[in-house]
Amino acid sequence: MIDRLSTLFFKTLREDPAAAEVASHRLLVRAGYIRRQAPGVFAWLPLGLRVKNKISTIVREEMAAAGASEVYFPALLPREPYEQTGRWGEYGDELFRLRDRHGADYLLAPTHEEVFTLLAKDIVTSYKEMPFEIYQIQDKYRDEARPRAGLLRGREFTMKDAYSFGLTDEHLADSYQRQRDAYERIFTRLGVEYVIVTAQAGAMGGSKSEEFLLPTTVGEDTFVRSAGGYAANIEAYVTPQLEARDYSGVPAATVHETPGANTIDKLVTQLNKSVPHPENRSWSEADTLKHVVFAVTSADGEREVVVIAIPGDRVVNDKRLEVAFPNCEIEPATAADLAKYPELVAGFIGPVKDGARVLGKGGESSVRLLVDPRVVSGTVWVTGAAAVDKHAVAVVCGRDFEPHGFADVANVRDGDLAPDGSGTVETARGMEIGHIFQLGKKYAQSLGLSVLNENGKLTTVTMGSYGIGITRVLAALAELNHDAKGLVWPVAVAPYQVHLVAAGKSDEIYKIAEKTAAEFAASGIEVLFDDRLKVNPGVKFSDAELLGMPYVVVIGRDATGGQAEVWDRASGDREKMALDQLLEWLNSKLVNKLNCFTQRAAQ
RNA sequence: CGGGGUGUAGCUCAGCUUGGCUAGAGCGUCCGGUUUGGGUCCGGAAGGUCGCAGGUUCGAAUCCUGUCACCCCGACCA
């Protein structure tokens, strides 16, 4: 079977589409792989579909090897299961909701935990059937506030989602590890670089979670990693707790006039003018303690004002803040919030006033004081003095005030310490291409999935969920593999392995090209044959480069003399070769390229 | 949701500031010829409610008001 450009439904664009900004989007549209249907929604043309299927096939092979069975759910689902787990409401505007003619609510699934759980409930009744994993490759729908970058962040996207079911934590750990191993093999076979970072399970519930990130500046996630092997996304990074220090030599705190110094910046300037530093150096932002006030609204609607103190040279990171207060709405305190607590003097908030404790344990204020993990007993700070235009110097944690607890919400910087002692971390950007979760019993509990154990007792099932963004990986591959002329697919996912161009109009050339294509196909090579009669060679060459097959074979002016030309799309190398050597050469190249990744994956 | 930008032919865009005859170009498409290893060249043709609605004006792609859509940055993103 030879696929021919003369009959293939495709069209290349001479110019970049106006709406496409990022390379993957631009080239996939220009080369005729996808077409935009609506914001964040794309139609798949034959070439794009082939790439998508190749990625899916690799995922299927590795899922099978990991012991997972493939199933297929509808994307259109009824409201009830999602109502039971609370996600119908929690998902908010991001959920595509619709209504049938009877007025019943439906949704386009953003992810399928609920129905997988219910399927398991339907079918599995005994511990003897545990553990097991099932998965599907399906389209997911999320009504993104702002879809962007073509396939990289769409509203419809294809995802492999697997779910594991077991009775014990050991089952879960085992399934999790098998999926994790499969992911490593999948990404290696695809030729995608990845970093596994510990992540925050977040609203998915559950305990352990890791993300597979592709390091790239176009990525939307920030993560940190150390040379010693620590890696975590920015939400999951844990600041190492410092040891308490001896503060016996620290003089008593003193209060200084700091008129108008309601920011850290102004404060440091004033200190350097009027207050000598005990160590005879300049004051810096890191000497100060910044008190930030937030209003935390819990799930039951109760609004609490909280003060968080972090070193003055840091800022609060919103994502880390969210993690610190799970299941709560958190926002900066309003003027109305502050008005209720006169001890919170905007710009001059501090734990101590006139030597008396204000915030923290033993303080008069009812407001909770949480501090950065770097603020431990014995550390010395400049803080607000809880009075307008006044700051206190040499305020010692553990002596002058005692926080209620810690809040690890400050930003992470290059050079911060990794919590596992593996050195300092550096920050980097990454794109999430896979995510694995140990969900635990959350879904099983709310949907009533339990089975009989060895002792005949009903036991709630423990679950995991494991996702790979198929279409996002496709876009990432395009993003990583292209040049000025077009796409440059790795052999493992290229729509065809060889692009055969008949360059010339003579019958002789076409006969030879036809015969060559047939030989390729017969030996199992996936060949795309540019047999278009009325197209100039220049156009065919440009198309071949834009479409991006790994190898281009040109049957042209030298064909009658028994010669062809082969191009290596990635390296740009071109060489003349006898027609009867083509097959052998290509086969060895293709086998090598495929093997190099599969073998690496097998290790 | 906040900020910015753009809507004119299948595609990429010009024209709009300063209103004026029949709304343009390149590419693509179709026809005839030409060329055949780098998006050939020549000639001809088809193709547009100028996003939509309202207003100002003798006259609106152009000015005004409203509205819709799309793109980009940010917020958001199991």
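So that the names make sense, note that chain A is the first sequence line, chain B the second, and so on, each numbered from 1. Below, each value reflects all heavy atoms present in this structure, side chains not excepted, and no hydrogens, waters or symmetry copies.
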Engineer: Within the 4.0 Å limit for protein heavy atoms, which parts of nucleotides 27-35 of chain B are touched? Write it as a string from 5' to 3', B for base, S for sugar-phosphate only, - for none.
Structural biologist: SS------B
Engineer: Within residues 466-482 of chain A, find the residues that approach RNA chain B with a heavy atom at under 4.0 Å, and present them sorted by residue number.
Structural biologist: none
Engineer: Which nucleotide in the list B/G37, B/C70, B/U12 gets nearest to the side chain of A/Trp567?
Structural biologist: B/G37
Engineer: For B/U29, give its Watson-Crick or G-U wobble partner with both distances under 3.5 Å, or none.
Structural biologist: B/A45
Engineer: Please list, for nucleotides 42-48 of chain B, all pairs of protein and nucleotide N/O atoms separated by less than 3.5 Å.
Structural biologist:
none

Engineer: Give me the residues of residues 537-544 of chain A where at least one heavy atom lies under 4.0 Å from an atom of RNA chain B, by number, or none.
Structural biologist: A/Pro537, A/Gly538, A/Val539, A/Phe541, A/Ser542, A/Asp543
Engineer: Could you go through nucleotides 72-74 of chain B and list every protein N or O atom that sits under 3.5 Å from one of its N or O atoms, giving the distance for each pair?
Structural biologist:
from: B/C73; atom 1: OP2; to: A/Arg146; atom 2: NH1; distance (Å): 3.3
from: B/C73; atom 1: OP2; to: A/Arg146; atom 2: NH2; distance (Å): 2.8
from: B/C73; atom 1: N4; to: A/Arg146; atom 2: NE; distance (Å): 3.3

Engineer: Do A/Asp161 and A/Tyr466 have side-chain N/O donor and acceptor atoms under 3.5 Å apart?
Structural biologist: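 No pair is found: no donor N or O on one side chain lies under 3.5 Å from an acceptor on the other.
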Engineer: Given B/C71, B/G37, B/C13, which nucleotide is nearest the side-chain atoms of A/Arg557?
Structural biologist: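 So the nucleotide nearest the side chain must be B/G37.
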Engineer: Using purine N1 to pyrimidine N3 plus N6-O4 or O6-N4 for Watson-Crick, or N1-O2 and O6-N3 for G-U wobble, both under 3.5 Å, which nucleotide pairs with B/U18?
Structural biologist: none
Engineer: Do the side-chain N and O atoms of A/Thr158 and A/Lys140 include a donor-acceptor pair separated by under 3.5 angstrom?
Structural biologist: no
Engineer: Go ahead and name the base partner of B/C1; Watson-Crick or wobble counts if both distances stay under 3.5 Å, otherwise write none.
Structural biologist: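 Partner of B/C1: B/G74.
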Engineer: Send over the distance from A/Ile234 CD1 to B/C76 P, rounded to a whole Å.
Structural biologist: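 Taking CD1 of A/Ile234 and P of B/C76, I get 14 Å after rounding.
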Engineer: I'd like to check the side chain to side chain donor-acceptor pair (under 3.5 Å) partners of A/Gln177; sequence neighbours left out, ordered by chain and number.
Structural biologist: A/Asp181
Engineer: When the P atoms of B/G38 and B/U62 are compared, how many Å lie between them, rounded to an integer?
Structural biologist: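 So the two P atoms sit 47 Å from each other.
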Engineer: Decide, yes or no, whether a salt bridge links A/Arg569 with A/Glu545 under the criterion of side-chain N to carboxylate O below 4.0 Å.
Structural biologist: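 Looking at A/Arg569 and A/Glu545, the cut-off is not met.
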Engineer: What does B/C52 pair with, Watson-Crick or G-U, if both distances are under 3.5 Å?
Structural biologist: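 Because both required distances fall under 3.5 Å, B/C52 counts as paired with B/G66.
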